[in-house]
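Note sheet for the following structure.
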Amino acid sequence: MELTRDTTFMNGLELQQICFGLYQIIFNFTNFCHIMIGSKLLFIDKQGQLHYWSGENGRAAICLNSIIEESVVASEFSKNQELKLSFSNGEILVFISEGVGESYVVHLYNDFEVITNI
């Protein structure tokens, strides 16, 4: 898997579960795809409002229920190592690579890619 070249494997995946921890959120999709983030996440709701979550403040209020059972309709990896997922209901998740060390990990079957910011 090389996110820098191809994110199309994310398109069509349905978000099935979101697991919240104090310093990490895990997103479980169909086809054995998982994304774990411990740095910073941006959620853009249908109204265009920006909601941030960070591993430094794991108790920050953020509601992601509206994207459960929604499918990824577009995915993009930017040059600053952000993964942007657009969902079928018009909402957007952006996984942000920030800080030192591991920012987020994408698992697909037995393959994975660690996105770091060094």
Side-chain angles (χ1 to χ4, degrees):
M1 168 187 342
E2 245 186 270
L3 289 174
T4 56
R5 294 189 184 158
D6 185 17
T7 61
T8 57
F9 70 91
M10 298 289 306
N11 298 344
L13 296 181
E14 181 181 290
L15 182 60
Q16 295 181 322
Q17 182 182 49
I18 303 171
C19 304
F20 285 90
L22 185 57
Y23 301 108
Q24 183 180 62
I25 300 177
I26 302 170
F27 296 86
N28 293 316
F29 295 85
T30 51
N31 292 349
F32 303 101
C33 183
H34 317 281
I35 301 177
M36 297 177 292
I37 185 159
S39 60
K40 194 170 187 179
L41 177 73
L42 168 62
F43 173 62
I44 306 170
D45 65 24
K46 291 178 195 175
Q47 291 76 33
Q49 299 246 340
L50 307 180
H51 307 273
Y52 288 94
W53 176 91
S54 77
E56 295 173 3
N57 184 9
R59 293 189 178 137
I62 186 169
C63 183
L64 300 169
N65 291 341
S66 59
I67 57 174
I68 293 176
E69 293 189 308
E70 296 293 337
S71 297
V72 176
V73 294
S75 56
E76 178 184 334
F77 190 80
S78 70
K79 59 185 168 195
N80 55 350
Q81 299 187 319
E82 294 179 353
L83 175 62
K84 177 182 175 182
L85 302 179
S86 300
F87 287 87
S88 51
N89 67 350
E91 296 181 320
I92 298 169
L93 273 181
V94 181
F95 297 86
I96 300 171
S97 180
E98 185 175 273
V100 177
E102 183 179 299
S103 293
Y104 59 93
V105 179
V106 179
H107 285 257
L108 181 64
Y109 298 105
N110 293 328
D111 197 5
F112 67 94
E113 184 166 348
V114 178
I115 306 301
T116 60
N117 189 27
I118 299 174

Across all chains, not counting sequence neighbours, the side chain to side chain contact (heavy atoms under 4.5 Å, CB included) partners of Asp45 are Phe43, Gln47, Gln49, His51, Glu91
- Asn11 side chain vs Ser75 backbone, donor-acceptor pair below 3.5 Å: yes
Minimal heavy-atom distance between Gln81 and Tyr104, with the atoms involved, is O-OH, 2.8 Å
Between Leu108 and Asn31 the two heavy atoms that sit nearest each other are CD1-O, 3.6 Å
d(Ser71 OG, Phe29 CZ) to nearest 0.5 Å is 10.0 Å
Just wondering, more than 12 heavy atoms not from Gln16 lying within 6.0 Å of its CD? yes
Value for CD1 (Ile25) from CG (Leu41), rounded to nearest 0.5 Å, stands at 5.5 Å
Closest heavy-atom pair, Asn80 versus Ser97, reported as atoms and distance to 0.1 Å, is O-CB, 4.3 Å
Here the pair of heavy atoms bringing Met36 nearest to Ile26 is CG-CG1, 3.6 Å
Between Leu15 and Val73, is there a shared hydrophobic cluster once you connect ILVMFWY residues whose side-chain heavy atoms come closer than 4.5 Å? no
Practice prompt. Could you check Phe9 against Val106 for side-chain contact (heavy atoms from CB on, under 4.5 Å), going step by step and ending with a plain yes or no?
Written response: CA-CA 11 Å; Phe9 70 91; Val106 179; 4.2 Å; yes
Applying side chain to side chain contact (heavy atoms under 4.5 Å, CB included) to Glu70 and not counting sequence neighbours gives Phe87, Ser88, Asn89
Closest non-hydrogen contact found for Phe20 with Ile18 is CE1-CG2, 3.6 Å
| said: Do Met10 and Ile35 make a side-chain contact, defined as non-hydrogen atoms from C-beta onward lying under 4.5 Å apart? | reply: yes
Applying ring pair (Phe, Tyr, Trp, His ring centres under 6.0 Å) to Phe27 and not counting sequence neighbours gives Phe95
Margin query: I'd like to know if the side chain of Ser39 and the backbone of Ile96 have a donor-acceptor N/O pair within less than 3.5 Å.
Written below: yes
d(Leu85 CG, Leu13 CG) to nearest 0.5 Å is 9.0 Å
